[in-house]
Amino acid sequence: MAELSTLSPSPPALGDPHVAPSVPPSSSAQQAINHPVPESAMEKPSPMSSLYNDKALTGNTPAAQSGGSPLTPHPPLSPTKLTADTPLSLLVHEASPQREESPGKDAETVPDVMKQETSDPPAAERLNTETVTPAPPSEPSSAPPSEPSSAPPSEPSSAPPSEPSSAPPREPSSAPSEGPQASPSPDLNPGPNLYPNVHVTHNPNPVMDDGTFTASQPQIAAASNAMPAAAASIDSTAAVEEKLQPLQQEEIPQSLPPPPLSPKPATPSEATKAELPSTPTSAEPPSPGVPLILEPDFPFPLPKPRPAPDTLSYLESASIMSGTLESLSGLGEDGSSVGSDSEVNGMSVRRTDKYGFLGGNQYSESGEKDVRVEVARQREVKWLDMFYHWDKWVKHRFQKVKLRCRKGIPSSLRSKAWQLLSNSQELLDANPGKFEELEREPGEAKWLDIIEKDLHRQFPFHEMFAARGGHGQQDLYRILKAYTIYRPEEGYCQAQAPVAAVLLMHMPAEQAFWCLVQICEKYLPGYYTALDW
Amino acid sequence: MAKQYDVLFRLLMLGDSGVGKTCMLRRFTESEFDPSHISTIGVDFKMKTLELDGIKVRVQIWDTAGQERYQTITKQYYRRAQGIIFVYDITSESSFQHLLKWAGDVDEFAPDKVQRVLIGNKSDEELSRQVTKDQGSKLAETCGMEFFETSASTSSNISEAFTRLTELVLQAHHRDVDNLLGALDDYLDNNALEEENESEGTDVNTHRTCAC
């Protein structure tokens, strides 16, 4: 007993229903309760970002899926925003209060929390055998305090009514592929027509723009639903996700039994099941792209029968819509374009690495050292804490921030971190609507010509940029063009394109644009500018 | 250590962005065509060793960024080039017209002795052709260059063009090459030299060629 308690002190505390209101949980619960409404409102964005992240990051990393979802979208200035959408958020709450009390203890407290969440099963087992029974209930019991206030209320309230109509369609769309499609541009890109689902995701678009979230809860439900599926399809060890599944599924069935359940077992199930087991484990050609392509998981709203949706790789789906941008880029007709796509498609390795690369020089073997889940989680928690108190951290503990950057920003939080680090967030907030405004400008032909020539030459082996006229290339065009309008005297420099492309791998176009601005003007002033010697 | 080549020449590829410089180079040096490569930023180079008239010629081919913005950088490379490859895209009228500017820069910055060829790339895309072969060869004639239409995609004429330019450079530098080979012979005959000196000797020899 003694050993156990020292090993995993917090689980009992959390787990014990009666004692439950121990310091960490209680504080989190309080927060949650205090702002139940804002929470639900705030949460809405998270699914969006998670969607985006999934696409952008290919959601391969467990962290990206679970952690990224709630966080990236909006600055977690108030802890309440993050609330119980995922275990991670729970962690956050628990961790942050503690931190406030004693920042120094981060490292100590965090791991404990981690144990509950990540290494839970083993811990629970031990506890069980040791008659510390509260452990098993720990999850449920601890969850209720915080969640009831946030998640449950939000979901049941809005979800049931809208579910049947909006949620199901959104699910397919919520998958990685469409997110990108949706985000590119309602205006620039007629593409969505290919995916009726995508129309749904256009709702998210407005969501991303600001704090105004029209299409709300269903997304959460959809996202949460999608998560398990994603987890299944994605190889990752993801103890994290496994955690997610039970939690969320529990909630969902309660509030909306029919919708969430039906989609999965329904029509697609056959196909998906057939595909899923095989894909994650091996990189076999037949369905290589599948793990990344979550959209097919819920194909039932499909208008036309496509060839077994699951066999459609992200690439293929993207290339299908490649026609849409033709007029814009003028790239499509030449034979080479066909060549490039077919070339990529023909590659034996169509499965992407965790960064979304299908091959080429940037492709990294999966054997790469993966950070252990606990470590990854721990880092995420630390970063979240920094996000909450970003100004203080930057002002007073900058060296620590730097150190943590060098250890590696968790991929799930990278988008947010980059925006904070570059201060582009501030620009974004200070210039609402500016990006759209820039987009409306026609732009100078001399820049647009060169930009168009470069669109298909940025990370051609990355799933996001592989397809001509795909969403990645569209977004790239948008932000590069916007910059030439933003800084007409500088125009476009070819070396901006790869930077912009990497930004796009992590965040939506508008955010990426402001990040690019900061890079060009703050990090590398004059670097991209023409020099007359 | 036996040298893997006798002489080293530097060739420079110039032309607008997207005309296919990098693709041509890859085709020539690696016999590969990869339509999905990245835009060249700044300058890159690849090497290949050819054997011409029994002389092992290593060509170091510098691939430059086409965007005008990089010309301040790429101009730095003109001076040390012995051969220049002007590339335009037969499906792009503007890339052809810009050749005049490229050629003007070369006249200004490159050594007088520099050898030049003109290449119209993407000859496989006959349907989108905007510049006739006649136009190309006329321009080449006007500038005193040899002219090729190539296709990196099908590999048509690629090797011929590069090899021809190398021959031209070799001819232009014939005297130097002879000197070099003579020096090499002397060197090989001289058994008394220490190894350290050997390497120094070869270095010197190479420098002599390069500095021509």
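Protein chains get the first letters and strands the later ones, always in sequence-line order, with residue 1 at the start of each. What you see is a predicted model, and the numbers here were worked out from it, not measured in a lab. Below, all heavy atoms of this structure are taken into account, side chains as well, without hydrogens, waters or symmetry copies.
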(request) Verify, without hydrogens or angle tests, whether Asn157(B) (side chain) and Glu149(B) (backbone) share a donor-acceptor contact under 3.5 angstrom. (result) yes

(request) Taking heavy atoms only and a threshold strictly under 4.5 Å, list by residue number the residues of residues 84-101 of chain B that touch chain A; give 'none' if the list is empty. (result) none

(message) Given heavy-atom pairs under 4.5 angstrom as the criterion, report whether the side chain, backbone, both or neither of Ser17(B) touches chain A.
(response) both

(message) Closer than 4.0 angstrom, basic N to acidic O: yes or no for Lys122(B) and Glu125(B)?
(response) no

(message) Can you tell me how far apart CZ (Phe33(B)) and OG (Ser155(B)) are? Round to the nearest 0.5 Å.
(response) 10.5 Å

(message) Ring-plane angle category for Trp418(A) and His506(A), please: parallel below 30°, perpendicular beyond 60°, tilted otherwise.
(response) tilted

(request) Identify the residues of residues 45-66 of chain B whose heavy atoms come closer than 4.5 Å to a heavy atom of chain A, ordered by number, or report 'none'. (result) Ala65(B), Gly66(B)

(message) Treating Gln496(A) as the side-chain partner and Cys493(A) as the backbone partner, does any N or O pair qualify as donor plus acceptor under 3.5 Å?
(response) yes

(message) To the nearest 0.5 Å, what is the distance between CH2 on Trp514(A) and CZ on Phe435(A)?
(response) 9.0 Å

(message) Holding to salt bridge (Lys or Arg N to Asp or Glu O under 4.0 Å), I want the full list of residues that pass it with Glu32(B), two or more places apart in sequence or in another chain.
(response) Arg26(B)

Side-chain polar contacts of residues 140-147 of chain B - donor-acceptor pairs under 3.5 angstrom, sequence neighbours left out - could you list them?
residue	atom	partner	partner atom	Å
Thr142(B)	OG1	Lys138(B)	O	2.6
Glu146(B)	OE1	Arg164(B)	NE	3.1
Glu146(B)	OE2	Arg164(B)	NE	2.8
Glu146(B)	OE2	Arg164(B)	NH2	2.7

(message) Check this for me: does any side-chain nitrogen of one of Glu441(A) and Lys481(A) sit under 4.0 Å from a carboxylate oxygen of the other?
(response) no

(request) Can you tell which part of Phe459(A) gets under 4.5 Å to a heavy atom of chain B, answering side chain, backbone, both or neither? (result) backbone

